[in-house]
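Right, one structure below, let's go through it.
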Amino acid sequence: MPDTRSFRFIAPVFAVLLSVPCAAAAQSSQPLSATVVIHADKPGAEINPDIFGQFAEHLGHGIYGGIWVGKDSPIPNTDGYRNDVVAALKDLHVPVIRWPGGCFADEYHWRDGVGPVAQRPVTVNTNWGGVPETNAFGTNEFLDFAEMIGAKAYINGNVGTGTAGEMADWLKYMTSDQDTTLTKLRRDGGRDRPWKIPFFAVGNETWGCGGDMRPEYYADLFRRYASFLKTPPGERPLIIASGGHDDDTSWTKVLMSTVHQNMGAISYHYYTIPSPTHDWQHKGPTIGFGENEWMSTLVNALKINDYIKQNIAIMNKYDPQKKVGFFVDEWGTWYDSAPGHNPGFLWQQNSIRDAVVAAATLNIFESHADRVRMANIAQMVNVLQAMILTDGSKMILTPTYHVFHMYIPFQGATLLPSDVKTAQYTYGKQSIPAISVSAAQGRNGVLEYSLVNLDPDKPVKILTTIEGANPSQVGGSILTGPAMDSHNTFDDPDAVHPVAFTGAKLRGHHLEVTLPPKSVVVLSLQ
Ligand code: AHR
């Protein structure tokens, strides 16, 4: 795909506003206004690349059909992995992938997915559609896939229906270099060298599908299971405890106060649904919605900021040195099932609304970079807020994919604090800040600046002052669309894609940008 971030788009100083912003501004009423001060002289924490992580579960066509088609498929593949999907994911610089679930993880017995494929048992995916699970995609297939796209592996162990011994053996199977029966099984499956397993979780959503536990009970289970997770020296993964969700901070409190070793991070899940009353039976449609649903989706998406803050406040009390990470290892939009799709497969379209949610959420994660050191959007292919949708041999990149691609320079960048004063976007009785921004110094020294206009109707004129840096060039890209639900389809795969943004005017320390309605802009200044 074209590299829209290349500096061929850098505009000279005093560049004039070109087509995209002017056209949008002309159509709309008076722009809203905002001011931002970026403190380039007060660098903060490193933005861990892993906050741009992904989640791939055995769910619908997330794995089968989406990533894995098998060696005999007519769909072009390499050793069973779709060539088109692999190429798109490589281009996205995916830092880490969480697998095999999700709810699936706590019913997954890893031995079902190793050894000769023809001899693997066919089980039932009880969580997602009750469909047969062939186990053709197992541990070797996942870890080879992660290596193939250059991503780190995050394995989620089974505490709900698995034993501590089964979990311990799985880690040995993957990481041991000794000659044992377990490593012979791995070698017979085609993998001689052990894999690197940087992250391993003990259970998933143990408050729900992972076993309907109380935090006190789970905390003791975590202590027991984690103490048997053994690897060769230097190969121990960071162990992740299953934490809370939404506004429930009790899991963080109990884990932080009762687990004193082995816990490298606490996981946390938050899904954005449009329903203002958080009604999971009537979440709202994926496309064809009105401004009321645009607004309620964004109101709900932004709530994650307060929820993260509440959890971090608890963690700071027990761990002021910030040794334990807060991993948002499931997040994203969740709509009513799209018509014509198996409701158990969680397939949904992905529009400009999802792009705005993704960008605003990534900005929130970046603002908590010292504690939020991993996040995994749900999910990678064909499930929920997916990067990629496939239909047989066809593939499309979603607006969310494009946001993640635009944000690549933020991976490993250093957060630069910013002060924002912005007009509100108001609809009905609800009101939210009209913009979301984040600034960082990239690993190559370039100042990266993301700006999101949450208002679907009005442009926002943003005057930014940069303190402590003297950029002389600015360039970047914009993602927007004509409608709130603009999206790509298999017939029109490029309806929504980033284009060069030349509407930034730089004068010394001052940058003026008019953001079109419902847009995501990422600028590079140097
Ligand atoms: O991502 C879909 C599901 O959402 C996951 O399996 C589960 O952990 C969560 O409830």
Side-chain angles (χ1 to χ4, degrees), residues 53-64 66-67 96-108 123-131 133 137 142 154-162 199-213 215 218 222 240-248 251 265-273 275 278-281 283 286 300-301 304 307 327-338 341-350 354 357-358 361 374-389 398 400:
Q54 312 263 325
F55 172 36
E57 180 168 15
H58 286 238
L59 196 177
H61 293 296
I63 302 285
Y64 300 109
I67 292 169
V96 59
I97 317 168
R98 176 174 180 247
W99 175 86
C103 296
F104 182 82
D106 280 292
E107 293 187 48
Y108 184 61
T123 50
V124 175
N125 190 331
T126 58
N127 285 288
W128 306 118
V131 294
E133 162 62 56
F137 191 93
F142 169 68
Y154 168 3
I155 300 289
N156 206 117
N158 173 356
V159 77
T161 65
F199 304 103
F200 192 97
V202 177
N204 165 73
E205 294 196 352
T206 46
W207 43 265
C209 64
D212 193 16
M213 304 177 200
Y218 170 71
F222 175 87
I240 300 156
S242 164
H245 63 104
D246 298 352
D247 60 352
D248 182 356
W251 289 75
I266 295 177
S267 93
Y268 169 83
H269 293 176
Y270 182 69
Y271 284 100
T272 295
I273 65 173
S275 163
H278 234 68
D279 178 356
W280 278 80
Q281 301 311 312
K283 295 181 276 296
T286 174
N300 286 342
I304 197 172
Y307 298 155
F327 286 4
V328 186
D329 62 9
E330 285 185 33
W331 69 274
T333 53
W334 193 324
Y335 306 121
D336 289 336
S337 226
H341 292 264
N342 183 333
F345 286 6
L346 309 187
W347 188 96
Q348 59 190 42
Q349 247 301 354
N350 193 295
D354 296 272
V357 168
T361 307
M374 188 194 290
N376 308 75
I377 191 166
Q379 298 194 7
M380 190 177 237
V381 187
N382 288 330
V383 177
L384 297 175
Q385 191 174 349
M387 303 292 117
I388 292 173
L389 300 175
T398 66
T400 301

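Remember, it's 1-based here, ligands and their atoms both numbered in the order they're listed. Here, residue 1 is the first one in the sequence, and each next residue gets the next number. Only a predicted model underlies this, so the values are computations on that prediction, with no experimental measurement involved.
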For ligand 1, list every N/O pair with the protein closer than 3.5 Å, one pair per line with the distance.
{"from": "ligand 1", "atom 1": "1 (O)", "to": "Tyr271", "atom 2": "OH", "distance (Å)": "2.7"}
{"from": "ligand 1", "atom 1": "1 (O)", "to": "Gln379", "atom 2": "NE2", "distance (Å)": "3.0"}
{"from": "ligand 1", "atom 1": "4 (O)", "to": "Tyr271", "atom 2": "OH", "distance (Å)": "3.4"}
{"from": "ligand 1", "atom 1": "4 (O)", "to": "Glu330", "atom 2": "OE1", "distance (Å)": "3.2"}
{"from": "ligand 1", "atom 1": "6 (O)", "to": "Glu57", "atom 2": "OE1", "distance (Å)": "2.7"}
{"from": "ligand 1", "atom 1": "6 (O)", "to": "Glu57", "atom 2": "OE2", "distance (Å)": "3.0"}
{"from": "ligand 1", "atom 1": "6 (O)", "to": "Cys103", "atom 2": "N", "distance (Å)": "2.8"}
{"from": "ligand 1", "atom 1": "8 (O)", "to": "Asn204", "atom 2": "OD1", "distance (Å)": "3.4"}
{"from": "ligand 1", "atom 1": "8 (O)", "to": "Asn204", "atom 2": "ND2", "distance (Å)": "3.1"}
{"from": "ligand 1", "atom 1": "8 (O)", "to": "Glu205", "atom 2": "OE2", "distance (Å)": "3.3"}
{"from": "ligand 1", "atom 1": "8 (O)", "to": "Glu330", "atom 2": "OE1", "distance (Å)": "3.1"}
{"from": "ligand 1", "atom 1": "8 (O)", "to": "Glu330", "atom 2": "OE2", "distance (Å)": "2.7"}
{"from": "ligand 1", "atom 1": "10 (O)", "to": "Glu205", "atom 2": "OE1", "distance (Å)": "2.8"}
{"from": "ligand 1", "atom 1": "10 (O)", "to": "Glu205", "atom 2": "OE2", "distance (Å)": "3.1"}

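- Gln348 contributes a side-chain N or O that, together with a main-chain N or O of Tyr335, makes up a donor-acceptor pair within less than 3.5 Å.
- The closest side-chain donor-acceptor pair between Thr126 and Glu107 falls under 3.5 angstrom.
- Taking a 6.0 Å sphere around NE2 of His269, one finds it holds more than 12 heavy atoms contributed by other residues, nucleotides or ligands.
- Partners of Asp336 according to the side chain to side chain contact (heavy atoms under 4.5 Å, CB included) rule, which considers only residues two or more places apart in sequence or in another chain, are Lys283.
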Please report the C-alpha distance between His245 and Tyr271 in whole Å, then the side-chain angles of each, then the deciding distance to 0.1 Å, and finally whether the ring-ring contact (aromatic ring centres under 6.0 Å, His included) criterion is met. CA-CA 9 Å; His245 63 104; Tyr271 284 100; over 10 Å; no
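- A salt bridge is defined here as a Lys NZ or Arg NE, NH1 or NH2 lying under 4.0 Å from an Asp or Glu carboxylate O, and Arg98 with Glu57 fails to meet this definition.
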